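In this chain, residues are counted from 1 in sequence order. For clarity, every value in this text was computed on a predicted model and none was experimentally measured.
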Amino acid sequence: MKKENETVIIVGAGPSGLSVAASLTNQSIPYIILERENCFASLWKKYSYDRLHLHLKKQFCELPHKPFPSSYPSYISKEEFLQYLEDYVCHFKINPVYHRTVEYAEFDEGCEKWKVKAMNKDSGEVEEYGGRFLVVASGETSDPFVPEIEGLNTFAGKLIHSTGFKNGKEFKDEHVLVVGAGNSGMEIALDLVNHGAKTSILVRSPVHILSKGMVNLGLFLMKYLSMEMVDSLMVMLSKMVYGDVTNYGVGRPNEGPFYMKVKYGKYPIIDVGTCEKIKSKELKVLPAEIESLSGKNVLFKNGELYTFDSIIFCTGFKRSTHKWLKGDDYLLSDDGIPKQSYPFHWKGKNGLYCVGLSRRGLYGAAQDAENVANDVKSIMQKVI
């Protein structure tokens, strides 16, 4: 089934897609948003845990052209952010087309347009869309990832990804293993401990641990000092506040926290109370990787064996852009991350763009969206 052509086709109605829509609206450029879920910002609405807060101050998390209300606190809760997004969608009259899973997109050099095929999950029909520009805004966190482990399908307890975790109430008095020690893993482990679960966390690689205050100080100092100097200060402050965390089974990387964020997209741990639980041994750190599962038993590669009622995988996400985006050998790599380094990462060839994939959070997505809208406007003016 063919649909009408639009100037810009946006794939994804998360904060990145909404930012593009608002920025295009501000330039009076027509667009369409295709979203596979039944709502915008589905990761926030349907797949995030209850206690989630933005870890950065609100000025670093605003979407383009609409600041947060002055009544909002410095650090915004999940509920407050969702209300902000509701107001944002209403203000800019954003109307995504829901239940559309993009299966194919390729630039047609004959008509100089992007041809996009999307499955209508309600009707089962494949719909075709055409647009002069295509924006990949499906996000860094599009497809939950669980590693392959021997015996995974035979585990006798409960297995969930972090996207299926809401709070620790249902896990009271259970032995729970959290796999993955990123910010989600650390915060979910804290919530489990607070709700009376006997919790262990698998820390597979070294991590930096900073407070919210340290991170915001670092972001401020980055305007005036080199990254190397800021990283040195962050590590020193971390050691002063948290002590030698290696004593508790948590390694510290050799590279600095901001350097690792820029180079690898690896965020430092922003502590909200988990470190205290580790030090008090209410939260047990397991440094070895999993060898296999059998029944409720978990065998680790160091030979140790533990029994758990539930396992929560906080092992991140993969991106599936490479499965449907055809003919692009310039903008995105096979893992869905831009090939070009910041700040040249957002623009491809033939009117192809990406937003929210620079590993710079909401602030980076807002910058990308503005860049895309301005570039589209510039190209359209040249054509006229």
Side-chain angles (χ1 to χ4, degrees), residues 2-36 39-41 62-67 84-98 100 102 104-118 127-139 321 324-325 327-328 330-332 338 340 342-358 360 362-384:
K2 288 192 175 182
K3 295 287 184 178
E4 291 184 9
N5 292 334
E6 293 289 352
T7 302
V8 183
I9 300 172
I10 305 169
V11 179
S16 295
L18 300 181
S19 295
V20 178
S23 299
L24 292 171
T25 297
N26 201 49
Q27 301 271 22
S28 301
I29 300 171
Y31 65 87
I32 187 171
I33 302 186
L34 303 177
E35 167 58 46
R36 67 183 180 182
C39 61
F40 61 83
E62 292 176 347
L63 274 56
H65 311 296
K66 186 171 173 56
Y84 168 75
L85 293 180
E86 291 278 358
D87 296 341
Y88 195 85
V89 167
C90 290
H91 179 80
F92 291 104
K93 297 180 174 60
I94 302 172
N95 293 297
V97 182
Y98 295 118
R100 300 308 194 273
V102 174
Y104 175 90
E106 187 169 24
F107 186 73
D108 187 325
E109 295 187 1
C111 61
E112 295 188 332
K113 286 187 177 181
W114 284 91
K115 290 189 175 180
V116 176
K117 294 181 180 179
E127 300 170 344
E128 294 186 17
Y129 298 86
R132 174 62 185 86
F133 304 95
L134 177 65
V135 182
V136 178
S138 44
T321 317
W324 55 264
L325 181 60
D328 169 49
Y330 176 80
L331 183 63
L332 299 177
Q340 308 304 316
Y342 177 89
F344 308 107
H345 62 282
W346 56 273
K347 184 177 180 180
K349 298 178 180 178
N350 298 320
L352 177 64
Y353 304 96
C354 66
V355 171
L357 296 174
S358 65
R360 280 171 162 76
L362 293 168
Y363 182 76
Q367 285 185 320
D368 292 346
E370 292 263 52
N371 287 336
V372 169
N374 290 334
D375 198 60
V376 169
K377 186 70 171 181
S378 174
I379 292 172
M380 291 175 65
Q381 286 176 337
K382 290 178 181 177
V383 172
I384 295 172

Considering non-hydrogen atoms only, spot the tightest contact between [X] and [Y] and give its length.
{"X": "Glu35", "Y": "Gly14", "result": "OE1-N, 4.3 Å"}
{"X": "Pro15", "Y": "Leu362", "result": "CB-CD2, 3.7 Å"}
{"X": "Ala365", "Y": "Val355", "result": "O-CG1, 3.5 Å"}
{"X": "Ile10", "Y": "Gly17", "result": "CG2-CA, 4.0 Å"}

Under the side-chain hydrogen bond (donor to acceptor under 3.5 Å, both in side chains) test, residues paired with [X] that sit two or more places apart:
{"X": "Lys115", "result": "Asp108"}
{"X": "Arg36", "result": "Asp143"}
{"X": "Gln340", "result": "none"}
{"X": "Tyr363", "result": "none"}

Do [X] and [Y] have side chains that get closer than 4.5 Å, going by heavy atoms?
{"X": "Tyr88", "Y": "Ile94", "answer": "yes"}
{"X": "Ile33", "Y": "Val20", "answer": "no"}
{"X": "Ile32", "Y": "Ile9", "answer": "yes"}
{"X": "Leu325", "Y": "Leu134", "answer": "yes"}

Test of understanding: with ring-ring contact (aromatic ring centres under 6.0 Å, His included), list the residues that count as partners of Tyr98, not counting sequence neighbours.
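Counting only residues at least two positions away or on another chain, Tyr98 forms no ring-ring contact (aromatic ring centres under 6.0 Å, His included).
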Which residues satisfy the ring-ring contact (aromatic ring centres under 6.0 Å, His included) test with Tyr342, sequence neighbours excluded?
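By the ring-ring contact (aromatic ring centres under 6.0 Å, His included) rule, Tyr342 matches His345.
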Test salt bridge (charged side-chain N to carboxylate O under 4.0 Å, His left out) applied to [X] - qualifying residues, sequence neighbours left out:
{"X": "Asp375", "result": "Lys347"}
{"X": "Glu106", "result": "none"}
{"X": "Arg360", "result": "none"}

Name the residue from Phe133, Tyr330, Trp114 that meets the ring-ring contact (aromatic ring centres under 6.0 Å, His included) definition with Phe107.
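Of the listed options, the one satisfying the test is Trp114.
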Can you check side-chain contact (heavy atoms from CB on, under 4.5 Å) on Asp368 and Ser16, steps first, answer last?
CA-CA 9 Å; Asp368 292 346; Ser16 295; over 6 Å; no
Applying side-chain contact (heavy atoms from CB on, under 4.5 Å), run through Val8 and Tyr353 and close with a yes or a no.
CA-CA 10 Å; Val8 183; Tyr353 304 96; over 6 Å; no
Step by step, would you call Val89 with Phe92 a side-chain contact (heavy atoms from CB on, under 4.5 Å)?
CA-CA 5 Å; Val89 167; Phe92 291 104; over 6 Å; no
Tell me every residue that passes side-chain contact (heavy atoms from CB on, under 4.5 Å) with Leu331, counting only those two or more places apart in sequence or in another chain.
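With neighbours one apart ignored, the set is Asp328, Leu352, Cys354.
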Qualifying residues under side-chain contact (heavy atoms from CB on, under 4.5 Å), relative to Ala118, sequence neighbours excluded:
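Ala118 satisfies side-chain contact (heavy atoms from CB on, under 4.5 Å) with Leu34, Arg100, Val102, Tyr129 only.
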Once rounded to the nearest 0.5 Å, what's the spacing between atom CZ of Arg132 and atom CG of Asn350?
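Going from CZ on Arg132 over to CG on Asn350, the span is 7.0 Å.
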Does Lys117 count as lying over the ring of Tyr104, i.e. NZ or CZ under 6.0 Å from the six-ring centre, within 45 degrees of the axis?
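Ring-cation test returns yes.
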Contacts under 3.5 angstrom, residues 23-31 side chains, donor-acceptor by atom type, not counting sequence neighbours:
| from | atom 1 | to | atom 2 | distance (Å) |
| --- | --- | --- | --- | --- |
| Ser23 | OG | Ser19 | O | 2.9 |
| Thr25 | OG1 | Ala21 | O | 2.8 |
| Gln27 | NE2 | Asn374 | OD1 | 2.7 |

